[in-house]
Amino acid sequence: MANMQPEASYDAELTRAGANLDGWWSRVAHLARRFPLGAAGGVIAIVFVLSAIFADVIAPYDPLQTSAASSLSPPGAEHMMGADMMGRDVYSRIIHGARISLAVGIASTLLGGLLGVLVGLMSGYLLGWFDLIMQRVMDIMQALPLLVMALVMAAALGPSLENTIIAISIPLVPNVARVIRSTTLSIRELPFVEAARAAGMSEMRIALLHVLPNTISPFIVLATAQLGAAILTEASLSFLGLGVPEPHPSWGRMLSESAAEYMRVAPWLVIFPGIAISLVVFGTNLLGDALRDALDPRQRNG
Amino acid sequence: MTTYVIKRFLLMILTLIGMSILIFVLLRLVPGNIVDILFDSAGMVDPAQKKEIEAELGLDRPIPVQYFAWIGGMLQGDLGYSYVSELPTIDELAPRLPITFKLAALALFFSILFGVPLGVISAVKQDTWLDYTLRVISLSGLSLPSFWLGLLILMAFVAWAGFIPIYTEPPETLWDELLLYSVPAAAVGFRSSALIMRLTRSSMLEIMRQDYIRTARSKGASENAINYHHALKNAVLPVVTIIGIEAAFLIGGLIVTETVFNIPGMARFLVEAIQWRDYPIVQNLVMIIALVTVLVNFAVDLLYAALDPRIRYSD
C-alpha cells in the first residue's frame, strides 16, 4: 500500500505499451485486446442490461399472461423457450426477470457499498472508539454466511422487492467496510494528506476531497465482485420462497415453481432460467476480474 | 503466542454474544409471530385464546427477559421447545446435525481434492490455453447457483439412469450413505473447489515472483524442483486461511442443496423454521452456524499463526 501511484500512471503504462489513446473508442478497443475475458464479460453484462431496459419491447408476450392452451408447451416456433404450467412464455419471463435480478443486484450492491464506504471511511479516519466498535460489529456480521444472514433479514423484514434489496445489502457491508478502512488507513499517512493538513484544510474536507476519491478504484473492484454474489443471493432467496414476491418474474422463483414437479416433463423450465442466472453472474465475474487487474495492479497476476 | 490466543478467544466470545443479540432482535422484528400464523391457518380469532397461547410460549414477556431466558437456558444445555412440533429443540436438531456435517465434510474433501492441484497447475502453466480453460471453468463454477447445478444433476440422473438420487429413507450401509451424499456434496463442492482453485493459483503466482524463487532458478534448480519444492510449500499456507471462508461458503451452498435433494439436514430445516417463525429452532440453528463459522476461523487463525510467526507480531 505504501507505494501507491497516482491515477495517471495507468495511462502512461498504456502509452509505453504502444497504445493509441487518442479517442475513447481506441482506448476501449485497446482494453478489450488486453483483457479479452473481461471484454466478453462486459458484452454479456451489457446484453442483460439492455434486455432489462427494453424488456417491454423485446419480450414477445406479457410475462404474466396465462394461457391454458399453451400450458407446458415445449420450446418451438410459438414459444422460443417453451411455456410453464400456466402457459406463460418462459422467454418473456426471463427477459423481464433480468429487470428484477439486475435491479435487486445493483441496488443492493450500491446500498451495501455506500454503507460500507461510509463505515470504512469513518473507521479508518476517526479511529479510536468508533473504529473499535465498528470493527467488532463487522466481526459479528461476518460470523454468518451471506445467505444465512440474508435469509434471516428477509424473514425479519417480510417479503417485498425493497426488503429483498435491504436483506441482501446489509450482509455485503462488512467486506466493503474492511477494504475501504484499510485503504483509508494507508492513504491518510501519505504526504499529500499531510500537505493538505499543513495548508489548514479541515479534517472533513480532507476526508471527503482527498481520501474518499482515492478509495474509488478498490471500491469499483469490490463492487463488481459483489454484484455477482448479490444476484446469486437474490436467486437463492427467491428459490427458497423468501425473496421477491409475486407477481414479479424472478429467475430464482421460476426454478422453484418448476423444479420439483415438472422436471421430468418440462426440463426447459429448469434449464433456461438457470442459464440466465449463471450467464449474468459469469459476465459480472469476468468483468470484475478484469477490472481488478486493470485498476489494482498490485493484485495483478503476472 | 499465549497473548495472541487469549486475545483471539475473547474476540470470539464477544462476536458470539453480539451475534446472539443481533439474531434475537432481528427475529422479534418479524411481523407476526407463530401464534398469528397458527390462528390464520386455523381460522381462530378469539383474542383471549391468542393471549393465552402467547403467555404459554412466553411471548408476552418483555424482550430482554425473553433474551436472558434463552441465553440462561442455552448455558445449561436447555434449548427450549420447537413451537411447531413441541419437541425439545435438542431432539429436533440432534438427528439433523450429523447429516449436514457429513455433507459438508464430503464437499470440503471434494473441493480440496480438485481445487488445490488444479490451482497449482493453472499457476505453473500461467497464460497457456490450459490456464485459460481452468480459469474459465473455475469462474463458471463460481457463477452457477448450486441449487441449479443440483437440479441439472437430478435431471441427468432421471434422463440417463432412470432414477432420482434424492433422500427418501435413512441410508442403511456406509456405502449407501456415501453414494447418497456424494452427489449433493459434489454439487456444493464444485463451487467451493472453484474458490479454492482461484486462491491457490493467485497465492502460487505471488510466491513465484519472490526473490528466493529467482535465486533458486539462477542456481540451476529444475522447474519441477522450484514449483513443487520451493513454491508450493509456501503457497499452501495462505490457502489454509481460505478454509475459514470455505466453511461459510459451504453452509450457504448446503441450504439450497439440501432443499433440492430433499435431505433432512439442518440447513433445509433452518429454511422451514424461518417460514414457520419457529423462533427457538431458528435462533439456536443460527447460533450453531455462527459458532461453527467462528470456531473454524479461530482454529484457522491459530494454525496460521503457528505456521507463520509474522502474523502474531503484526496483529
Side-chain angles (χ1 to χ4, degrees), chain A residues 36-37 40-41 135-137 139-158 228-229 231-233 235-237 239-242 251-252 255-256 258-260 263-264 267 270-271 273-275 277-286 288-289 299-302, chain B residues 11 14-19 21-23 26-32 123 126-127 132 135-136 139-140 142-149 151-152 154-155 158-159 164 201-202 205-206 209 247-253 255-256 259-260 262 270-271 274-275 277 282 286 289-291 293-294 297:
Chain A
L37 289 178
Q135 288 291 97
R136 296 291 80 80
V137 172
D139 274 353
I140 293 166
M141 288 169 66
Q142 281 192 317
L144 279 185
L146 173 59
L147 184 60
V148 176
M149 190 75 189
L151 259 177
V152 176
M153 295 273 311
L157 296 167
I231 292 174
L232 274 181
T233 308
S236 304
L237 283 181
F239 179 75
L240 296 170
L242 286 158
W251 295 337
L255 281 171
S256 73
S258 58
M263 205 169 69
R264 285 161 190 269
V270 177
I271 292 172
I275 290 179
I277 301 172
S278 310
L279 206 58
V280 72
V281 177
F282 186 61
T284 55
N285 279 343
L286 282 178
D289 268 15
Q299 286 191 29
R300 198 184 302 162
N301 296 327
Chain B
L11 277 180
L14 197 68
T15 304
L16 286 173
I17 294 174
M19 188 75 239
I21 297 174
L22 178 72
I23 198 67
L26 268 180
L27 286 176
R28 266 72 195 168
L29 285 178
V30 181
Q126 191 194 1
D127 289 333
Y132 271 99
R135 278 166 73 190
V136 169
L139 207 58
S140 63
L142 284 177
S143 312
L144 294 181
S146 42
F147 58 90
W148 188 57
L149 190 61
L151 288 172
L152 288 185
L154 285 183
M155 283 198 339
V158 171
I164 300 187
R201 178 179 180 275
S202 64
L205 286 175
E206 184 76 48
R209 276 203 298 272
F249 216 68
L250 280 176
I251 294 171
I255 287 181
V256 281
T259 306
V260 169
N262 196 32
L270 174 69
V271 179
I274 285 178
Q275 284 160 347
R277 311 258 187 283
V282 177
V286 171
I289 293 174
L291 186 70
T293 325
V294 172
N297 278 305

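Labels below follow one simple rule: chain letters A, B, ... track the order of the sequence lines, proteins then strands, and each chain is numbered from 1.
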Would you mind checking which part of [X] comes under 4.5 Å of any heavy atom in chain A, side chain (CB onward), backbone (N, CA, C, O), both or neither?
{"X": "B:Leu291", "answer": "neither"}
{"X": "B:Leu142", "answer": "both"}
{"X": "B:Ile21", "answer": "neither"}
{"X": "B:Leu11", "answer": "side chain"}
{"X": "B:Thr259", "answer": "side chain"}

> Between A:Pro267, A:Gly228, A:Gly283, which shows the greatest number of heavy-atom pairs under 4.5 Å with chain B?
Replying inline: A:Pro267
>> I'd like to verify something: which residue of A:Thr284, A:Asn285, A:Asp139 has the highest number of heavy-atom pairs under 4.5 Å with chain B?
In response: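 It is A:Asn285.
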>> Any heavy-atom pair between the side chains of A:Ser278 and B:Pro145 that's under 4.5 Å?
In response: yes
> Would you say A:Leu37 and B:Tyr132 make side-chain contact, with heavy atoms under 4.5 Å?
Replying inline: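 A side-chain contact exists here, since the closest heavy-atom pair is under 4.5 Å.
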> Contact part of A:Ile231 toward chain B, heavy-atom cut-off under 4.5 Å: side chain, backbone, both or neither?
Replying inline: neither
> For A:Leu279, is it the side chain, the backbone, both or neither that has a heavy atom under 4.5 Å from a heavy atom of chain B?
Replying inline: neither
>> Can you give me the closest heavy-atom contact between A:Pro273 and A:Trp251, atom names plus distance?
In response: CB-O, 4.0 Å
>> Show the nearest heavy-atom pair for residues B:Gln126 and B:Leu205, with the distance to one decimal.
In response: OE1-CD2, 3.3 Å
>> Heavy-atom pairs under 4.5 Å with chain A - which of B:Val294, B:Ile274, B:Val282 has more of them than the others?
In response: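 Among B:Val294, B:Ile274, B:Val282, the one with the most close pairs to chain A is B:Ile274.
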>> Let's test your reading of the structure: which of B:Leu250, B:Asn262, B:Leu270, B:Ile289 forms the most heavy-atom pairs below 4.5 Å with chain A?
In response: B:Ile289
Please set out all donor-acceptor pairs under 3.5 angstrom arising from side-chain atoms of residues 142-154 of chain A, sequence neighbours excluded.
{"residue": "A:Gln142", "atom": "OE1", "partner": "A:Arg178", "partner atom": "NE", "Å": "2.8"}
{"residue": "A:Gln142", "atom": "OE1", "partner": "A:Arg178", "partner atom": "NH2", "Å": "3.1"}
{"residue": "A:Gln142", "atom": "NE2", "partner": "A:Asn175", "partner atom": "OD1", "Å": "3.1"}

>> With side-chain contact (heavy atoms from CB on, under 4.5 Å) as the criterion, how do A:Phe282 and B:Leu144 come out once you've worked through the C-alpha distance, each side chain's angles and the decisive distance to 0.1 Å?
In response: CA-CA 8 Å; A:Phe282 186 61; B:Leu144 294 181; over 6 Å; no
> Yes or no on side-chain contact (heavy atoms from CB on, under 4.5 Å) for B:Asp127 and B:Arg135, after CA distance, side-chain angles and deciding distance?
Replying inline: CA-CA 10 Å; B:Asp127 289 333; B:Arg135 278 166 73 190; 4.2 Å; yes
> If only atom types and distance count, is the side chain of B:Trp148 paired as donor or acceptor with the main-chain N or O of A:Val270 below 3.5 Å?
Replying inline: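 Checked: pair present.
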